[in-house]
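Reading through the structure tokens given below for one structure.
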Number of protein chains: 2
Amino acid sequence: MANIHEIAKLAGVSSATVSRVINNHPYVSEPTRQRVQEVIDRLDYVPNLNAVSLKKGMTKLIGIISLSFNDSLGLFVRGFTMYAQEHGFNIALFITNGEKGRELEALEMLRRKQLDALVCMIRVNEWSVIEHYTKYGPIVTWQRVNIEAIPSVFMDQYQGYTLALEHLYARGYRKIVNVYGSMRGLNTKERIRAYHDFCEKYDLDAEAFPHFYDLNSIEAGEQIAHWWAEREQTDRPDAFACSTDYLAAGLLTEARRLGVSVPSDFAVVGFDNTEISHLLDLTTIHYPIDKQAENAFIMICNALEGLDETIHHLEFKLVERATT
Amino acid sequence: MANIHEIAKLAGVSSATVSRVINNHPYVSEPTRQRVQEVIDRLDYVPNLNAVSLKKGMTKLIGIISLSFNDSLGLFVRGFTMYAQEHGFNIALFITNGEKGRELEALEMLRRKQLDALVCMIRVNEWSVIEHYTKYGPIVTWQRVNIEAIPSVFMDQYQGYTLALEHLYARGYRKIVNVYGSMRGLNTKERIRAYHDFCEKYDLDAEAFPHFYDLNSIEAGEQIAHWWAEREQTDRPDAFACSTDYLAAGLLTEARRLGVSVPSDFAVVGFDNTEISHLLDLTTIHYPIDKQAENAFIMICNALEGLDETIHHLEFKLVERATT
DNA sequence: TTGTAGGCGTTATCAA
DNA sequence: TTGATAACGCCTACAA
């Protein structure tokens, strides 16, 4: 395979000049540049990235560690990839499926300089393990974590969930049921806190209805529709604040199949503003995942290049549609 | 960051000896080895992979290009990763989401020697584009394609589909409806061919019932359940051969919700033997995706190291469960 | 059993 | 505007 010296010889210049042409350095005369470029084109030459990486101490490759590749993680990855590419970085994706080994691989690649930085969407190993690797390169995360060495693009769910609750209140709903996601996560804790503060503020009974936990699938939503239908008419809630759009979608469509009229029989608010909420005209809470991705990239760039570009302020937004 | 020379100096040996220790070469005396290892451990040293790659002309990194990351593609990726890791290779995943650019990136990384090889699960660019890149390193694919430079681990659907049809026949079903997947793909063509040959063999009317095309989701399956329920009793098919387990699952569960009894009212056969089919006790066609992944890896190894290990023979298998 | 030295393919510094 | 040349960090004949 052709290397820079071969190009140099064929173009009758030194390899330094070829390098200048490749990297668009100034102070190359137009005739020389053309002559060199011609040889490059003719031989279909591209610089060997291993050599470039070795010399520069950078691979221009960033790893993304993700637990899976579902809707919102996928959106993040897509957004991040876009920003990264605009800045000349490539992305290598590591789907762990919960396997520690797969995550360690990525971390080791960082240590061994095959990766310049790492985005850890949802971790598998202990934070202490991940923190240990921050000395080899910047690592940012999507999860909520309070470790100085691991910056996060996490968003506090309290504000977002309050938005949903206040909206329901303003619309006249008073009998709200909460369907929370993962019990373990801090997001759920924040949402619970938001609900309690909300009840206190408006003097509502926080325990008037059961709370659901650990639910986020379409099927779970469908079951909740049945749960509602089977209750006494007088004892039915009039609104659901859901953990995800998917769950809300399941609830909504199954309820309609059962002849329930939304939003007059009850209201539904989703979370995430995914495509499905758009499709079903579902009121939801928008979540600037794209801006999160951009922030993650800015953080990495700042760390890598010693810059200090400012991070976007992130805010949830209510998207009012037909289910409330 | 520490490099091999620093280790050498601290251990009082030459860098060559350090290299020998790192790579487990023979002819290093035990005392020396221990002394060197000690310094390596103390300084938390690991060789810089860029330097190793440059020297060896290999990165030990294989790229996988995938359109998305759903169930069966995910299984393939997982299997492939396992085999690759056992042989000291790491994996970089590229999810294209149908974007040509993302695929080209991976191809360019191959060209520029950042990747040793590429597995192209489902391509985005024209085959001619991909073929062009085979001169930079081995590329194997999961799709059916007849290009010498691009080996494939594709499996002929004819045999698998015939398996399903013969099974239904043996069980006494005669009014079979086919639900095919993507119209564009060659898999569907093969399945259609299988069905026609099957009808001919048993003297059945291939056009007795409508054929469904381009369906593979759970929701599509649910709709087909309604389609069946709304037909005249006398004009109902007694079996469905489905494009995927997901579709079959949707059909099965919705049918049961409508009070249909499977397999006495009608039979259902899925395809792929995914977890969901196991869960629902669904008869399906097993598909050795793990062996395909291993084959893909063997092909790459053979190409990379000039070997000639033999490829596994791949065969569909009927998994008889409760829906037929 | 160990060390010396050259080279993998680039880039960047310094002269010219 | 161009060309030598020394790194980048590692591996591997070849010598000792």
Side-chain angles (χ1 to χ4, degrees), chain A residues 1-37 39-40 43-61 88 108-116 136-137, chain B residues 1-37 39-40 43-61 88 108-116 136-137:
Chain A
M1 184 106 350
N3 64 22
I4 201 172
H5 294 110
E6 198 175 329
I7 304 293
K9 210 188 309 171
L10 263 57
V13 296
S14 77
S15 59
T17 301
V18 178
S19 177
R20 291 191 187 100
V21 171
I22 294 165
N23 298 289
N24 283 312
H25 283 202
Y27 305 121
V28 182
S29 74
E30 198 44 41
T32 327
R33 149 162 281 121
Q34 281 184 14
R35 198 146 33 89
V36 171
Q37 189 61 54
V39 179
I40 287 176
L43 295 209
D44 188 34
Y45 165 78
V46 275
N48 179 316
L49 277 186
N50 295 310
V52 177
S53 299
L54 174 60
K55 182 68 199 172
K56 294 219 174 138
M58 274 210 140
T59 56
K60 287 288 185 176
L61 227 200
E108 280 296 322
M109 281 174 67
L110 179 70
R111 168 147 102 119
R112 304 188 63 170
K113 309 237 163 259
Q114 210 167 18
L115 254 28
D116 287 344
Y136 307 117
Chain B
M1 184 108 343
N3 63 24
I4 202 172
H5 294 109
E6 200 175 329
I7 305 293
K9 211 190 307 170
L10 262 57
V13 295
S14 76
S15 60
T17 301
V18 178
S19 177
R20 290 191 189 102
V21 172
I22 294 166
N23 298 289
N24 284 311
H25 282 204
Y27 304 121
V28 182
S29 73
E30 199 42 40
T32 326
R33 149 163 282 121
Q34 282 185 12
R35 198 146 33 90
V36 170
Q37 190 60 54
V39 179
I40 287 176
L43 296 209
D44 188 34
Y45 165 79
V46 273
N48 179 316
L49 276 186
N50 294 309
V52 177
S53 300
L54 173 59
K55 182 68 201 181
K56 294 220 174 133
M58 273 209 143
T59 57
K60 289 287 186 173
L61 227 201
E108 279 297 321
M109 280 174 66
L110 179 70
R111 168 146 100 120
R112 303 186 64 170
K113 308 238 163 257
Q114 211 168 15
L115 254 28
D116 287 344
Y136 306 117

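Sequence lines set the chain letters: A, B, ... in the order given, protein chains first and strands last, and positions in each chain run from 1. It should be emphasised that the depicted structure is a prediction, and the values quoted were computed from it without experimental measurement.
- In this structure, Arg33(A) CZ and Asn24(A) CG are separated by 6.0 Å, a value rounded to the nearest 0.5 Å.
- Arg112(A) has its CZ atom 17 Å from the C1' atom of dC8(D), to the nearest Å.
- With dT11(C), dC10(D), dT12(D) as the candidates, the nucleotide lying closest to the side chain of Lys56(B) is dT12(D).
- Tyr27(B) has its side chain out of reach of Ser29(B): every pair of non-hydrogen atoms, C-beta onward, lies at least 4.5 Å apart.
- With rounding to whole Å, Leu54(B) atom CG is found 12 Å from dC10(D) atom P.
- Distance, Asn48(B) CG to dG9(D) P: 7 Å, rounded to whole Å.
- A sub-4.0 Å separation between OP1 or OP2 of dC10(D) and a side-chain N or O of Ser19(B) is absent.
- Proximity of Asn3(A) to the phosphate of dT10(C): no side-chain N or O atom is located under 4.0 Å from OP1 or OP2.
- Taking 4.0 angstrom as the limit, Asn50(B) places none of its side-chain polar atoms (N or O) nearer than this to OP1 or OP2 of dC8(D).
- For Ile7(A) and dG9(C), the CD1 to P distance is 12 Å, given to the nearest whole Å.
- Rounded to a whole Å, the NE2 atom of His5(B) is 12 Å from the P atom of dG3(C).
- Annotation: the span from Thr17(B) atom OG1 to Ile4(B) atom CD1 amounts to 9.5 Å, rounded to 0.5 Å.
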Every protein N/O lying under 3.5 Å from an N/O of nucleotides 2-4 of chain D:
| residue | atom | partner | partner atom | Å |
| --- | --- | --- | --- | --- |
| dT2(D) | OP1 | Ser29(A) | OG | 2.8 |
| dT2(D) | OP1 | Thr32(A) | OG1 | 2.3 |
| dT2(D) | OP2 | Ser29(A) | N | 2.8 |
| dG3(D) | OP2 | Ser14(A) | N | 2.9 |
| dG3(D) | OP2 | Ser14(A) | OG | 3.3 |
| dG3(D) | OP2 | Thr17(A) | OG1 | 2.6 |
| dG3(D) | N7 | Arg20(A) | NH1 | 3.4 |
| dG3(D) | N7 | Arg20(A) | NH2 | 3.4 |
| dG3(D) | O6 | Arg20(A) | NH2 | 2.5 |

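- Summarising the geometry of Thr59(A) relative to Lys113(A), their closest heavy-atom pair is CG2-O, 3.1 Å, with the distance given to 0.1 Å.
- For Ile22(A), counting side-chain heavy atoms from C-beta on, the closest listed nucleotide (dC10(D), dT11(C), dT12(D)) is dT11(C).
- In this structure, Ile4(B) atom CD1 and dT12(D) atom P are separated by 11 Å, rounded to whole Å.
- Side-chain atoms of Lys55(A) and base atoms of dT10(C) include no donor and acceptor less than 3.5 Å apart.
- The separation between Met58(A) atom CE and dA7(D) atom C1' is 19 Å, rounded to whole Å.
- For the atom pair CG (Asp116(A)) and CE (Met109(A)), the distance works out to 10.5 Å, reported to the nearest 0.5 Å.
- For the atom pair CD (Gln114(A)) and CD (Gln114(B)), the distance works out to 7.5 Å, reported to the nearest 0.5 Å.
- If you measure from atom CD of Gln34(B) to atom P of dT1(C), you get 14 Å, rounded to the nearest angstrom.
- Rounded to the nearest 0.5 angstrom, Leu49(A) CG and Glu108(B) CD are separated by 9.0 Å.
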